[in-house]
Amino acid sequence: MSASAPGHPLGLAPSKIIAVHLNHRSRAAERGRYPAEPSYFLKPPSSLSWTGRDLVRPRGTELSAFEGEIALVIGARAHRVARADAAAHIGALAAANDFGVHDLRWADRGSNLRSKGADGYTPIGPVLIDPAEVDLADLRLRTWVNGVLVQDASTADLLFDFAHLIADLSATITLEPGDVILTGTPAGATVVHPGDVVEVAVGDTEPLRNTVREDGDPPVPPRAGPEERATAHGAAVRPLKAETEAALRRVSTATLSSQLRKRGLDHTFLTGLAPSRPDMRLVGTAHTLRFLPLREDQFAERGGGMNAQKRAVETIGPGQVLVIDAREDPGAGTLGDILALRALRRGAAGVVTDGCLRDSPAFADLDLPAYSRGSHAAVLGRRHVPWSVGDAIACAGVLVRPGDVLVGDAEGVLLIPAHLADAVAADALAQEREERYILARVDAGESIDGLYPLSPARRAEYEAGATP
């Protein structure tokens, strides 16, 4: 890889670099899981680098990926620090890039040593930020690739704030002055290639800037399986079981609604949405996008470039449904044909919005099931500010969390909590078999008395396999 480097220009000399696995809600949504507690891995101090130095991936690899992050630099020794006192141990903040080569991960057995620990894989800088001069609870983090904004998040998106991380780590590991904690990356981290320039900025400070270059031989043969590719590209890797998906494609939303009602869930049907393709079934897991009401200054700040709407499309993975919270406002389009096509090419299973579709005639020819309140030619900036990806949202009167299962037919769209999907799908199949039996009997002229619902005697007959 790269030769050993002289001292860091900012004077950084950590005894350890600790990185958090999942800590932004939007990134957790990409991964399809929300940790109850933070987990960590170590990067060698020799991986430390700075602005202007190249990110060198080995020849023959292809899954080199950036992760824009905020680095905490410990200012005072922390040992068994209470959460209320933890912020006082932050000496400085800085932009960081937790760079890695994912087609080497297979040999790491979870350590990330080869894939993320190489020389130069932790650039930090180019300035240190005084924590007293910023709002730690709402500090902006942005990443650009070749000048295009690809990550835009805030510490308000963190699952575990800075104080939580310091208190948690210091309970068992003494943090020394100069130690670095990489606090996690938001949605949008993905693969970059030789020649790409990655920039990361915290707040309004000068960005950290590094160029990807290819050189040297890999320490182990690269291996790029489906999981490595999905992880590197930021896609979820927890699809529905094949048998569950097959069942959900066969049963109606009405049957699924009955099964959910039996389980005490009455608010799962997304009311007032119609399909653009009634001939197509929708089955997939939720990838959420939230719009807020138009405020012109906020749209000017957050509406352009790689805004939340575009990030949602560029981070959607195979089998996911883009679910848009437009506050049931039909006054503008919330997605057009270009972004819908991009979502389809990334493997999206469908689109659900409680606003309107733009370029709606094109959706009739697009092999992507889409549900909406109707059509509107105006762009979203007429009514909405694209705000966040990966949050719990409200869509058409239903609370939707990332990873929830969406099923749609010609009647509409229904949500199934992910942990219930397998059981609900199996029981719905059984219910529809029973209802086909009842329909056949009714069609043969029988009374519904004792037949709908099945009396004990008729159930015994049904279970014995009798047919009309």
Side-chain angles (χ1 to χ4, degrees), residues 1-2 4-5 7-8 10-24 27-28 31 35-50 53 55-58 63-81 86 89-125 158-185 189 200 208 210 218-220 228 231-232:
M1 304 298 287
S2 60
S4 60
H8 195 284
L10 295 177
L12 299 179
S15 68
K16 47 191 169 290
I17 300 172
I18 302 171
V20 185
H21 279 114
L22 276 180
N23 198 23
H24 277 266
R27 184 67 160 176
R31 290 288 183 262
E37 296 294 339
S39 62
Y40 311 93
F41 61 94
L42 288 169
K43 300 189 75 170
S46 55
S47 70
L48 186 66
S49 185
W50 51 88
R53 296 189 74 215
L55 299 162
V56 184
R57 79 178 196 185
L63 299 180
S64 50
F66 68 88
E67 294 184 9
E69 307 201 11
I70 297 175
L72 296 185
V73 182
I74 298 299
R77 188 174 185 267
H79 177 67
R80 297 183 180 177
V81 171
H89 293 262
I90 302 173
L93 309 166
N97 185 349
D98 180 16
F99 190 72
V101 179
H102 288 263
D103 31 4
L104 304 181
R105 288 180 70 242
W106 68 271
D108 279 344
R109 306 295 192 272
S111 71
N112 288 336
L113 185 61
R114 292 181 182 88
S115 59
K116 287 198 166 190
D119 293 352
Y121 278 18
T122 314
I124 296 176
L158 293 179
L159 294 167
F160 312 106
D161 62 20
F162 296 161
H164 186 128
L165 299 177
I166 292 171
D168 184 53
L169 286 166
S170 70
T172 53
I173 301 169
T174 299
L175 301 173
E176 302 290 353
D179 285 351
V180 170
I181 303 172
L182 302 179
T183 59
T185 196
V200 184
L208 172 73
N210 303 92
V220 293
E228 286 80 16
T231 301

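We count residues from 1, following the sequence as given. These numbers come from a predicted model, not from an experiment.
- Among residues two or more places apart in sequence or in another chain, the salt bridge (Lys or Arg N to Asp or Glu O under 4.0 Å) test is passed with K116 by E67, D98.
- No side-chain donor-acceptor contact under 3.5 Å links R53 to the backbone of G120.
- Residues V180 and L182 are in side-chain contact: their nearest non-hydrogen atoms beyond the backbone lie under 4.5 Å apart.
- Here the side chains of L48 and P45 are not in contact, with every heavy-atom distance at 4.5 Å or above.
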R105/S115 under side-chain hydrogen bond (donor to acceptor under 3.5 Å, both in side chains): CA gap, chis, key distance, verdict: CA-CA 5 Å; R105 288 180 70 242; S115 59; 5.0 Å; no
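- Here H21 and Y40 keep their ring centres 6.0 angstrom or further from each other.
- When each of L175, L169, I74 is tested with K16 by the rule side chain to side chain contact (heavy atoms under 4.5 Å, CB included), just one qualifies, namely L175.
- Side-chain atoms of N210 never come within 3.5 Å of backbone atoms of L55 as a donor-acceptor pair (strictly under, hydrogens ignored).
- Here the side chains of S64 and F99 are in contact, with some heavy-atom distance below 4.5 Å.
- Between H8 and W50, the ring planes lie perpendicular to each other; the angle is over 60°, past the 30° to 60° tilted range.
- With contacts defined as side-chain heavy-atom distances shorter than 4.5 Å, the pair P44/L113 qualifies.
- Side-chain N or O atoms of S170 include one that pairs as donor or acceptor with a backbone N or O of I166 at under 3.5 Å.
- With L158 as the fixed residue, the side chain to side chain contact (heavy atoms under 4.5 Å, CB included) test singles out one of I70, V20, N23: N23.
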